[in-house]
There are 2 protein chains.
Amino acid sequence: MDKNNPSTYFELFNEIAIIQQLSRASLEEKLPNGFLQPHFAVLNHLIRVHDGRTPLEISKAFQVPKTTMTHTLSGLEKHGLIEMLPNPKDGRSKCVWLTDKGRAFRGESIEKLEDYITDIAEHFDLQKIATTLETLKELRIYLDENR
Amino acid sequence: MDKNNPSTYFELFNEIAIIQQLSRASLEEKLPNGFLQPHFAVLNHLIRVHDGRTPLEISKAFQVPKTTMTHTLSGLEKHGLIEMLPNPKDGRSKCVWLTDKGRAFRGESIEKLEDYITDIAEHFDLQKIATTLETLKELRIYLDENR
DNA sequence: TAAATATAGTGCGATTTCGAATCAATATAG
DNA sequence: CTATATTGATTCGAAATCGCACTATATTTA
């Protein structure tokens, strides 16, 4: 295979776009009406990396424009799943905190997804998926740094 | 690692969503104003799998709702990059054909992307990317069939 | 072959996404 | 210290996305 043939990368990005469509749709049909993948992803992120993050930090983590994140966060706040408090270290900024309701919502969502995920897990070698994940992480980091 | 721990899959879908954001943004900043990743992807698809496809076939290939594809195709048609003719085999349907202008546009877009892609290619082992692509293809097929 | 059901595509309306402009607060420079 | 530039967040408007309902054609069934 030609090292300089870019078609493998076009294909890769194409597959990624399709899987994103599929996984997003599957997730959203399991969430209550009015909740979208970005809502779930943000709650999840706040658990994984700890809450108290600023909107800008979160938007960078997902590589979405900050104005998009404003919209997503306001949806979460309207439903009482997060609280946005002033950032004590920077008067321009805010910190995003999970509420009990937000933690509960995230937990319930994960439960609803568990069957879906274990079903997939039964059909794939975990090591293979883990290796793929590692490669994608490296790629994501490179794309981010060389944007 | 626990075979039934779903966190690897959550992480995987998360990385996929981020890479999709990054690659889409990088692509779109290289396209002329008013053209988006879906436009490019459809033109590319029509070259790869041959044109004359129906809108429904194309929407399934990308796993987007058909109403979304209607919108994308009408954009391409308005710019004269595709033609939509009646499907001789089905009066309800249409066939999508590339115009010369569409082929040229796709070629120029690929040229503009080549530096971006070869830059990435220089930093990753092609075999590793190819393996990742294979796994993602399998995953996409599984997700599609078990939707 | 008529009636019932399913399928391909589109129009419409609600929501999401996101770039540009704006505002307030902070950091930097002179 | 003041003036200037930068940064975090929001508002606003335009466009994309997509579910629902609808039309026209095809397919199935009785």
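Naming convention: chains lettered A, B, ... in sequence-line order (proteins, then strands); numbering from 1 in each chain. Since this is a predicted model, take the numbers as computed values, not measurements.
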Go nucleotide by nucleotide along DNA chain D from the 5' end; which of Pro55(A) and Gly91(B) gets its closest nucleotide reached first?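 Nearest nucleotide further toward 5': that of Pro55(A).
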Output the rounded distance in Å from [atom1] ([X]) to [atom2] ([N]).
{"X": "Arg92(A)", "N": "dT22(C)", "atom1": "CZ", "atom2": "P", "value": "19 Å"}
{"X": "Asn87(B)", "N": "dT27(D)", "atom1": "CG", "atom2": "P", "value": "11 Å"}
{"X": "Leu85(A)", "N": "dG8(D)", "atom1": "CG", "atom2": "C1'", "value": "16 Å"}
{"X": "Gln37(A)", "N": "dT16(C)", "atom1": "CD", "atom2": "P", "value": "13 Å"}
{"X": "Asp90(B)", "N": "dT7(C)", "atom1": "CG", "atom2": "P", "value": "12 Å"}
{"X": "Phe62(B)", "N": "dC18(D)", "atom1": "CZ", "atom2": "C1'", "value": "17 Å"}
{"X": "Leu73(A)", "N": "dA9(D)", "atom1": "CG", "atom2": "P", "value": "9 Å"}
{"X": "His79(B)", "N": "dA15(D)", "atom1": "NE2", "atom2": "P", "value": "11 Å"}

Take the angle between the ring planes of [X] and [Y] and call it parallel below 30°, perpendicular above 60°, tilted in between.
{"X": "Tyr9(B)", "Y": "Phe13(B)", "answer": "tilted"}
{"X": "His79(A)", "Y": "Phe35(A)", "answer": "tilted"}
{"X": "Phe40(A)", "Y": "Phe10(B)", "answer": "tilted"}

If you only use heavy atoms from C-beta on, which nucleotide in [options] is closest to the side chain of [X]?
{"X": "Met84(B)", "options": "dT17(D), dT26(C), dT10(C)", "value": "dT10(C)"}
{"X": "Arg24(A)", "options": "dG9(C), dT10(D), dT17(C)", "value": "dT17(C)"}
{"X": "Thr67(A)", "options": "dT11(D), dT17(C), dG8(D)", "value": "dT11(D)"}
{"X": "Val64(B)", "options": "dA26(D), dC18(D), dG9(C)", "value": "dC18(D)"}
{"X": "His71(A)", "options": "dT10(D), dT26(C), dT16(C)", "value": "dT16(C)"}
{"X": "Ser93(B)", "options": "dA8(C), dA24(C), dG19(D)", "value": "dA8(C)"}

Please confirm whether the shortest side-chain N or O distance from Thr54(A) to OP1 or OP2 of dG8(D) is below 4.0 Å. no
Check the pair Glu15(A) / Arg140(B) against salt bridge (charged side-chain N to carboxylate O under 4.0 Å, His left out), numbers first and verdict last. CA-CA 7 Å; Glu15(A) 287 297 333; Arg140(B) 184 255 303 162; 2.8 Å; yes
Report yes if a donor N or O on one partner sits less than 3.5 Å from an acceptor N or O on the other, where the partners are the side chain of Lys94(A) and the base of dA9(D); otherwise report no. no
Across every strand shown, the nucleotide meeting Watson-Crick or G-U wobble geometry with dG30(C) (both distances under 3.5 Å) is dC1(D)
Sidechain N-carboxylate O distance under 4.0 Å for Lys30(B), Asp115(B): no
